[in-house]
*Asks:* 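Attaching a single structure in structure tokens format; questions to follow.
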Amino acid sequence: MIILAIILLYTIVPYIISRCLGLGVLRKDKAKTGVAFTFDDGPDPKYTGQLLDLLKKHRIRATFFVVGSKAEKNPELILRMHNEGHLIGIHNYVHRSNWLMLPWTIRRDLEKSASIIEGITGERPIYYRPPWGLMNFFDYFLIGKFQFILWSKMFGDWRSKGGSEKIVRGILDNVKAGDIVLLHDSGETWGANEDAPTYTIEGLKHVFRTLQKQGVHCTRIDEIAGKKLHIRQSHI
């Protein structure tokens, strides 16, 4: 019973607090200033460049939650994200659930990832999205140094099934001002299809054209989160 209680406290309780109650995390823009497109699991040498080309074409600034080990291997993509006005956040050093890692391992990997990104861009990231959005009990002690970002809409774009039409209809029929949209620019993680980003990018071509005609503003996470975190960043 004691072991079960510890497991529940470490995993399920934080899940309820963060995913169900939304405490300690940012899931949506309550001011409804625009739509925030966020991309996880990159940078990917095959797909991230294509996505950046598309974002540049439509003058859209997005947020990338990057895997530290991939950032280390693809610094040119990280630098391009930064130079083209996108926000870079952390998605762990490796794509592994926080439920399966010890607290000090997570802290070490976050600091390592932040240092890698800072070494490339000159700016230390403070926005963090745990893989699969799963937080453990000790993650809450990191709040104040890192801002935890979840999402309000996702469309299963890590799977190829449904193709680009799934992305188009999912976003255009369901996304509204204030939503944080979860998408992916890599298909290398567990449970994903390697070619899935092809359909995400193809679908976004139509989505971005339509949103621009509708006058929808696309925003970065830091524009939603507010000024307090910009002040904190200088103390990290």
Side-chain angles (χ1 to χ4, degrees), residues 2-27 38-43 63-75 77-79 81-82 86-151 180 182 184 186 188-191 220-222 224-236:
I2 295 177
I3 294 176
L4 178 59
I6 292 173
I7 292 173
L8 289 174
L9 180 63
Y10 195 71
T11 60
I12 303 303
V13 171
Y15 180 89
I16 294 171
I17 293 173
S18 62
R19 296 286 288 272
C20 300
L21 302 179
L23 300 179
V25 300
L26 179 66
R27 298 186 304 177
T38 68
F39 298 91
D40 289 6
D41 297 0
T63 301
F64 288 84
F65 291 98
V66 304
V67 177
S69 59
K70 292 185 177 183
E72 202 169 25
K73 295 175 182 177
N74 301 279
L77 290 172
I78 298 296
L79 186 59
M81 289 175 191
H82 175 73
H86 304 293
L87 180 66
I88 301 173
I90 302 171
H91 199 45
N92 278 15
Y93 182 73
V94 293
H95 199 285
R96 185 178 301 144
S97 171
N98 286 18
W99 287 8
L100 302 177
M101 291 196 292
L102 297 170
W104 46 88
T105 302
I106 295 169
R107 179 180 288 271
R108 179 200 66 198
D109 285 359
L110 277 173
E111 295 294 347
K112 183 176 182 179
S113 298
S115 295
I116 290 168
I117 295 166
E118 183 180 26
I120 298 169
T121 67
E123 292 186 9
R124 196 169 184 84
I126 59 173
Y127 299 95
Y128 172 46
R129 174 177 285 161
W132 297 288
L134 299 177
M135 295 174 63
N136 67 52
F137 175 80
F138 290 96
D139 286 338
Y140 278 92
F141 291 95
L142 296 172
I143 294 176
K145 190 166 188 179
F146 294 97
Q147 168 70 64
F148 286 75
I149 309 297
L150 297 184
W151 59 86
I180 297 175
L182 167 63
H184 299 79
S186 178
E188 294 181 344
T189 54
W190 182 84
R220 301 188 341 173
I221 288 297
D222 55 343
I224 294 173
K227 296 180 179 179
K228 290 183 179 180
L229 287 170
H230 293 286
I231 295 171
R232 288 177 190 167
Q233 188 172 17
S234 63
H235 296 293
I236 294 177

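Along the sequence shown, the residues carry numbers beginning at 1.
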*Asks:* Would you say that Leu134 contacts Arg19 through its side chain, given a criterion of any heavy-atom pair below 4.5 Å between the two side chains?
*Replies:* yes
*Asks:* Please examine the side chains of Leu142 and Phe148, heavy atoms only from C-beta on, and report whether any two atoms are closer than 4.5 Å.
*Replies:* yes
*Asks:* Does Tyr93 reach the side chain of Arg108, with side-chain heavy atoms less than 4.5 Å apart?
*Replies:* no
*Asks:* Grab the two heavy atoms, one from Trp151 and one from Arg129, that are nearest each other, plus how far apart they are.
*Replies:* CE3-NE, 3.8 Å
*Asks:* Could you check Asn136, Asn92, Thr11 and say which one makes a side-chain hydrogen bond (donor to acceptor under 3.5 Å, both in side chains) with Asn98?
*Replies:* Asn92
*Asks:* Flag the pair Gln147 / Ile221 as yes when at least one side-chain heavy-atom distance between them is below 4.5 Å, and no otherwise.
*Replies:* no
*Asks:* Under the criterion ring-ring contact (aromatic ring centres under 6.0 Å, His included), I'd like the reasoning laid out for Phe39 against Phe64: C-alpha separation, chi angles, the key distance, then a yes or no.
*Replies:* CA-CA 5 Å; Phe39 298 91; Phe64 288 84; 5.4 Å; yes
*Asks:* Quick one, Arg107 and Met101 - any side-chain contact, counting heavy atoms below 4.5 Å?
*Replies:* no
*Asks:* Closest heavy-atom contact between Ala71 and Pro43?
*Replies:* N-CD, 3.7 Å
*Asks:* Is the closest side-chain heavy-atom distance between Lys70 and His91 below 4.5 Å?
*Replies:* no
*Asks:* Hey, could you give me the CD/OG distance between Glu118 and Ser113, rounded to the nearest 0.5 Å?
*Replies:* 12.5 Å
*Asks:* Is it true that atom CG of Leu4 has more than 12 heavy atoms of other residues, nucleotides or ligands lying nearer than 6.0 Å?
*Replies:* yes
*Asks:* Kindly indicate whether the side chain of Pro103, heavy atoms from C-beta on, has any atom under 4.5 Å from the side chain of Tyr10.
*Replies:* yes
*Asks:* Atom CD1 of Ile90 and atom OH of Tyr128: how far apart are they, to the nearest 0.5 Å?
*Replies:* 8.0 Å
*Asks:* Could you tell me the separation between the CZ atom of Phe138 and the CG atom of Leu102, rounded to the nearest 0.5 Å?
*Replies:* 10.0 Å
*Asks:* Atom CD1 of Ile120 and atom CD1 of Ile88: how far apart are they, to the nearest 0.5 Å?
*Replies:* 7.5 Å
*Asks:* Parallel, tilted or perpendicular for His95 and Trp132, by the 30°/60° rule?
*Replies:* perpendicular
*Asks:* May I ask you to check whether over 12 heavy atoms, not counting those of Arg27, lie within 6.0 Å of atom CZ?
*Replies:* yes
*Asks:* For Thr63 and Arg220, indicate whether the former's side chain and the latter's backbone hold a donor-acceptor pair under 3.5 Å.
*Replies:* no
*Asks:* How long is the straight-line distance from CD1 of Ile17 back to OH of Tyr140, given to the nearest 0.5 Å?
*Replies:* 5.0 Å
*Asks:* Please round to the nearest 0.5 Å and tell me the distance separating atom CE of Met135 and atom CD1 of Ile143.
*Replies:* 5.0 Å
